[in-house]
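Data block below; observations after.
All values reported here derive from a predicted model rather than from experimental measurement. Chain naming here is simple, since letters A, B, ... match the order of the sequence lines and numbering starts at 1 in each.
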Protein chains: 2
Amino acid sequence: MNNELPVSGIQVIDRAVALLDALAREPGPASLKVLSAETGLHPSTAFRILAALSEHDLVGRDGANLYRLGPHLLRLAGRVSVALDLREAARPVMEWLRDQVGESVNLTVREGDQVVYVERAIPNRMMRVEQVIGSRAPLHVTAVGKLMLGEAGKEAIQDYARRCGLPAYTANTRGTERSLLLDIDASMARGYALDDEEAELGVGCIGVLVRDTGGAAVAGLSVSAPMERRRPEWVPLVEEAGRRISERLGYKSSQG
Amino acid sequence: MNNELPVSGIQVIDRAVALLDALAREPGPASLKVLSAETGLHPSTAFRILAALSEHDLVGRDGANLYRLGPHLLRLAGRVSVALDLREAARPVMEWLRDQVGESVNLTVREGDQVVYVERAIPNRMMRVEQVIGSRAPLHVTAVGKLMLGEAGKEAIQDYARRCGLPAYTANTRGTERSLLLDIDASMARGYALDDEEAELGVGCIGVLVRDTGGAAVAGLSVSAPMERRRPEWVPLVEEAGRRISERLGYKSSQG
DNA sequence: ATAATGCGTTTCATAATGCGGAATAATGTA
DNA sequence: TACATTATTCCGCATTATGAAACGCATTAT
């Protein structure tokens, strides 16, 4: 009863994904009634698809009449390739960094023209910045996204700017190719990037790149905090954490 | 070209899951050729389904011709309800326990007649016991599974025994209702359970239950180690870890 | 250079597949 | 107990996914 779903060419798959997404949106288990209403599917259709998904453990059942997401999703998610070694390597370092700064730490990878959040460590505070694992953001409004663009070279940045049009998320978003290029240049030169309320008002980030054995930038690490709590002295800590994760991935950072 | 797939009543979903599983089996990205061969699907069919899954980010693409599991799986897995708060609460304690004993620590929940591994902490050693997140094992061959049976009561154990027939995984598996009942009785009485090479030769476990606010056993926590390295003095550590996780879930353990 | 091979992708006629209305069963409620 | 609501099964129909074949595009072999 809300958003229009992407159409993939296979109806059943669109519908199955719609049901999985509806289940993900629910706080707890959900009934067939709710799910068919939520997705706009005929109850009998929703039932049949849910039964099929149950058969594969993509959904599970509580009691007789309640559906929830199933454990097979955990197995599949554990094999999301790009994030496998990376997440394992990053997690303890991310927790260290979170404890150092007391703010949310995120790990992202590039996926086309966006970054995807693949791992996080959140502090135990009332007010904190919280990203959903698997969610996305455009490259030009995030600290690590800007570094990833910088890594790809000036032409790639221009391509990106034309392709996406640099939509503004706040008044601070780098909305012109020129301002974006300047920002990226400065960020690449000093080795870390900032996001000064460019994605969301009140939120500031400090980000660095994470590299693997071959020196390729495979991920981004960032601290996200309410703007008024962000401190410049975190920069070396974020850099240190990025270096540690890169080392765990086999990157030799010893270049003068 | 291998296992027979469960048939769910919806062909496309069976096939889509087969493709996802095939991708999960691959160490890295896989080509259409490989995937269609692996699943026995016509290349054109596999292509169409993979394209549909891509549209929903359930699969992603590397370069032009390589498929891999997609980031939307991370988002969905993050919402697998039973494991949400639980995993978050358990993770730091699991890491503490892993560092104490230097062996693999697993968190499991009951799912029908099996336990499902939902979280783990593995030590940095050459030889270690390693469970795949999302994989399953029958209740009667695992330490925590036996506790979960005990929690359900004698009748439930007998039902289970008749339903599943207590298949033997090793010579040590409790293969009779009598031996299983005795073991479970003893385990419940002392508050922890052992698995003495009952699931796999050479592997021993120590397990305890994790409880939530209401006192319900929502999960199991266990240490799995090569049999010759397992130490009885770990028992209080495992109990301590179980208690800490339960406390983080709101359970008041102050009884007796 | 040129042909040949081996992929990935698109097209399209066909029938098998999933669809949804309606009937039935199960569950919850007054 | 009767009623209302929800879950599940059934089944004829048309939509849907199917897979053979053709096409495009590299890369490799000749």
> Taking side chain as C-beta onward, heavy atoms only, is B:R120 less than 4.5 Å from B:I133?
Replying inline: yes
> So, are B:D57 and B:R75 salt-bridged, with charged N and O less than 4.0 Å apart?
Replying inline: no
Let me have the donor-acceptor pairs involving side chains of residues 143-153 of chain A, under 3.5 Å, with sequence neighbours excluded, atom names and distances please.
from: A:K146; atom 1: NZ; to: A:D183; atom 2: OD2; distance (Å): 2.7
from: A:K146; atom 1: NZ; to: A:L194; atom 2: O; distance (Å): 2.8
from: A:K146; atom 1: NZ; to: A:E198; atom 2: OE1; distance (Å): 2.7
from: A:K146; atom 1: NZ; to: A:E198; atom 2: OE2; distance (Å): 3.2
from: A:E151; atom 1: OE1; to: A:R211; atom 2: NH2; distance (Å): 3.1
from: A:E151; atom 1: OE2; to: A:R211; atom 2: NH1; distance (Å): 2.9

> Could you state the CD1-C1' distance from B:I13 to C:dG18, rounded to the nearest angstrom?
Replying inline: 10 Å
> For the pair made of CG in B:L66 and P in C:dC7, what is the distance, rounded to whole Å?
Replying inline: 13 Å
>> Dot-bracket for DNA chain D, please. Rules: Watson-Crick or G-U, both distances under 3.5 Å, ( ) within the strand, [ ] when a pair crosses earlier ones, | for another strand, . otherwise.
In response: ||||||||||||||||||||||||||||||
>> Looking at A:H42 and A:S44, would you say the former's side chain and the latter's main chain have a donor-acceptor pair under 3.5 Å?
In response: yes
> Taking CG from A:L19 and C1' from D:dA7, how many angstroms apart are they, rounded to a whole number?
Replying inline: 15 Å
> B:I49 has an atom CD1; how far is it from atom P of C:dT10, in whole Å?
Replying inline: 16 Å
>> Ignoring hydrogens and geometry beyond distance, is a side-chain donor-acceptor pair present between B:D113 and B:H140 at under 3.5 Å?
In response: no
>> Between P on C:dT17 and CD1 on A:I10, what's the gap in Å once rounded to a whole number?
In response: 14 Å
> Under a 4.5 Å cut-off applied to non-hydrogen side-chain atoms, are B:L182 and B:R178 in contact?
Replying inline: yes
>> Side chains of B:L19 and B:R15, heavy atoms from C-beta outward: is any pair under 4.5 Å?
In response: no
> Are any non-hydrogen side-chain atoms of A:E177 and A:R162 less than 4.5 angstrom apart?
Replying inline: yes
>> For A:R61 and A:V12, find the nucleotide of DNA chain D closest to each by heavy atoms; which residue's nucleotide sits nearer the 5' end?
In response: A:R61
> Can you give one letter per nucleotide of nucleotides 20-30 of chain C, going 5' to 3': B for a protein heavy atom under 4.0 Å from the base, S for sugar-phosphate only, - for none?
Replying inline: BB---------
> Can you tell me if CD on B:E130 sees more than 12 non-hydrogen neighbours from other groups inside 6.0 Å?
Replying inline: yes
>> Without decimals, in angstroms, what is the distance between B:F47 CZ and D:dA17 C1'?
In response: 15 Å
> Rounded to whole angstroms, how far apart are CG on B:L35 and P on C:dT9?
Replying inline: 12 Å
> Rounded to the nearest Å, what distance is computed from the CG atom of residue A:L50 to the C1' atom of nucleotide C:dC19?
Replying inline: 15 Å
